[in-house]
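Since the structure comes first, as structure tokens, the remarks are kept for the end.
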Amino acid sequence: MKRLLINIIFLSLLFTSNNLLAQNWKQLSRSAKELKNKGDYAAAGQAYESAYRLKSSKKEFINAAGEAYLLSGDYVSAERAFGKIQSDERFPLAGLKYGRSIKSQGRYQEAKAALKTYAQTYKGSDKALIQKLVDNEIAGCLLAEGMENPEPQPTLSRLGNAVNSSSHDFAPIPFASGILYFTSARAKKSNILRSRLEGGEWSVAIEPKLPTVATGALSQGSFSSDGRQFYFTICKNNDWKGVRAECDIYVTRKKGNSWSAPARLREYIKMEGTTAMYPYVVQNGKHEILYFASDRPDGFGGMDIWYATRRMDSDAFDFSFPKNAGTKINTLGDEITPFYDPQQRTLFFSSNGHPTLGGFDIFRSNGEPDNWKQPENLRQPVNSPSDDFGYIYQDSKENIFLVSTRDFSGKEGKNDADIYTINKFGSGMFVEGTVTTPSRRNKKYKAALYELTSNGQKRLLVSRFFETEHFRFDVLPERNFKLEVTQTGAPKLSYDFNTHDTNQKVYKNDFKIGTRPTSSSSSGITSSHTNPIHHSNTTTTPTKHTSPVRISTPAPTASNTIEKNKTYSGTYYKVQLTVVVEFYEQNSEYDKVRAYGNIDTEYLSERGWTRVLLSPFFTLKEAREMMNKAKAMGYPDAFPVRYRDGKRMTP
């Protein structure tokens, strides 16, 4: 299958290349314009550059190629294109874009030199404005150079290929525990998809049960605080054009198990000839605030951050006339993807107008509407020389998501946007392991980090294979952890530790594969900045799990059910049917599944929601069979959950 895919891609590229060669420069320029209008900026850039090669006197072709390459995020090709006309007075901004293209590749010394030369030789009447833009770009270069040897930072992880594709995947929306909605431009149409965190891995993305639209494409969204309203955009055409997409904001309301037909917000939210995108809603007392990005009139640059409010007790979505977030937030450039944390009173957004490491960077500003502090760049590893945006997290901050076009291991596409996750920003804590393997053994091993929660659960945070002697994971403060090292045919080795001492930044342990486990260790470690670290060679005996104790009752039926929320010894399973805001046990909706088990509930106090589950099942096979039955009965979100000794083991 993989070889077939490679052959298809190769033949497609060969066909495209031959097709371009067969056209004359006039045909190529027309094709390039059509491709750009469709949002296929990479192909448009290639067509414009091919036209320029055939007609080199038409410098406007190579300028248009550079513009298209910038829009596609191909900074290498953009540098090549603008480099040919950087000193041509007919294209006064080519030199600025040439320097920006170099900067977005992380070559800051070269970028500074190119930008300084451009500012010195620029002769236009708006030289003062150009100097301001150049100074801003150079400030970003200096900011990046000051981070060449940063202190230990949290590790950025790319969500796997079950979520990310070779197309743009962006606009993450964390929902409940271990559920992520996001927008994807795969299949040549942007759409909202959903994935679930199961056993530490994100499941293959599927289309959730959201309203369908006759024209346009669903994209970017935000749930209200109670989960009953969903704000999202519908963009014209199917192709995602980034900030140049023409989008409008809609809302749908939850009614039972379905959503109402999408309703467009008032016409003054998205004015004629403009775009409105990246909505985010948050409750503030008796009001709901809608933040969004738009190029509507009376802004300060391209895309600006705007906000509007409405009363929570109103059934109509009668938001106030939008207000601009002001000059502290908005610049001459573009500002997008607003996310506001009301507890921290912090606005996160992305900008290419403030000093950046390259392209869009993520910033934060404390305050509230009409009163913002000076924004702060979140630096590395959150930001990179590429475009970084879409920063968002759940209330618990257990998962922080962002979107980036950076190069990364495992990335399928080129210059496309992917979704990443990162630990709580700025903790600076990490655990290191040193692994020794016998000379004749395979060097490959797996290291897994678990959080030991307050209710006794062991929750998988990260699991990776290594062949090196050392590995490192970042950790959060004030938590309990278990670090496990495993290799096929060898006993499991583990190390328990906690991070309650916030002055301690580094935790270390030695693991000797092939040694017999003797005892557990949860202490004997010291901070690297005080005394030498004492390594512990002790390990933990693998847990021996007993078979689950079955109760001696007949199979459950509608009239003969098991005691509600009963717990069992050992491992067993439940099937989570859904998550609701209000649970009514006598709701006839659950009658169709009562014959297969008992209806259990788990209340999520941090969100005010309730999990509804069916139990018990004593093998994974039984649970999966019930999951399939539940989906056929109208519970499309059903999935099995493993429990051990009464404790939930997976999200």
Side-chain angles (χ1 to χ4, degrees), residues 1 159-163 175-181 193-209 257 446 448 450 453 455-461 463 486 543 545-558 560-580 583 587 589-602 604 609-651:
M1 177 60 75
L159 271 63
N161 294 337
V163 172
F175 181 82
S177 177
I179 298 176
L180 179 70
Y181 290 80
L193 302 178
R194 187 192 64 206
S195 179
R196 187 188 300 278
L197 188 62
E198 298 176 347
E201 299 291 337
W202 290 96
S203 64
V204 175
I206 62 173
E207 288 191 33
K209 292 183 66 175
N257 287 327
K446 183 171 74 173
Y450 297 86
T453 61
N455 60 4
Q457 295 185 28
K458 189 175 82 168
R459 186 168 65 89
L460 178 65
L461 300 176
S463 176
T486 56
T543 304
H545 303 297
T546 59
S547 299
V549 178
R550 297 176 181 262
I551 57 173
S552 56
T553 60
T557 65
N560 181 17
T561 58
I562 300 171
E563 179 185 345
K564 183 178 179 181
N565 288 341
K566 184 173 178 61
T567 62
Y568 305 86
S569 299
T571 299
Y572 60 99
Y573 300 87
K574 298 184 182 184
V575 174
Q576 181 164 316
L577 301 173
T578 186
V579 176
V580 297
F583 174 72
N587 192 330
E589 174 189 342
Y590 306 121
D591 289 347
K592 51 193 172 184
V593 295
R594 292 185 196 274
Y596 297 93
N598 194 58
I599 299 293
D600 288 350
T601 59
E602 295 174 356
L604 306 175
W609 298 335
T610 300
R611 294 174 178 144
V612 183
L613 309 100
L614 192 68
S615 74
F617 304 94
F618 294 100
T619 68
L620 181 58
K621 181 180 179 181
E622 291 175 355
R624 285 176 173 168
E625 289 175 351
M626 187 62 240
M627 174 191 72
N628 293 330
K629 290 178 182 177
K631 288 184 175 182
M633 293 177 183
Y635 295 94
D637 299 333
F639 66 98
V641 183
R642 182 166 59 96
Y643 288 74
R644 181 178 297 155
D645 299 329
K647 298 169 184 175
R648 184 181 175 111
M649 301 304 293
T650 58

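Heads up: numbering here begins at 1 and tracks the sequence.
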Fill in the blank from the handout: Heavy-atom nearest pair, G597 first then L614, reads C-CD1, 3.6 Å
Completion exercise
Rounded to the nearest 0.5 angstrom, the OG1-CG distance for T610 and D600 is 12.5 Å
Fill in the blank from the handout: Those residues at least two apart in sequence (or on a different chain) that pass side-chain hydrogen bond (donor to acceptor under 3.5 Å, both in side chains) with E625 are none
Problem - S203 side chain to R196 backbone, donor-acceptor under 3.5 Å - result: yes
Completion exercise
Heavy atoms of V575 and A623 approach each other most closely as CG2-O, 3.4 Å
Practice task
Calculate, to the nearest 0.5 Å, the distance between atoms CE and OH belonging to M627 and Y573 respectively.
Solution key: 13.0 Å
Practice task
Could you tell me whether the side chains of Q576 and R648 share a donor-acceptor contact shorter than 3.5 Å?
Solution key: yes
Problem - Those residues that, when tested against N628, pass side-chain contact (heavy atoms from CB on, under 4.5 Å) (two or more places apart) - result: none
Problem - I599 and V593, any side-chain heavy atoms less than 4.5 Å apart - result: yes
Practice task
Measure the OG1-CG distance between T571 and D645 for me, rounded to the nearest 0.5 Å.
Solution key: 7.5 Å
Handout entry: Whether K592 side chain and M633 backbone form a donor-acceptor pair below 3.5 Å
Key = yes
Problem - Contact summary for K631 and A638, nearest pair of heavy atoms - result: CE-O, 3.2 Å
Completion exercise
Interatomic distance, CZ@F617 vs OH@Y596, rounded to 0.5 Å, equals 10.0 Å
Handout entry: Shortest non-hydrogen separation from L613 to Y643 and the atoms involved
Key = CD2-OH, 3.5 Å
Exercise for the section: Can you sort out the partners of I206 under side-chain contact (heavy atoms from CB on, under 4.5 Å), two or more places apart, ordered by chain and number? Expected result: R194
Handout entry: Note, M626 side chain near K629 side chain (heavy atom, < 4.5 Å)
Key = yes
Handout entry: Min side-chain heavy-atom separation R611-T601 under 4.5 Å
Key = no
Problem - Closest contact, heavy atoms only, Y572 versus G646 - result: OH-CA, 3.2 Å
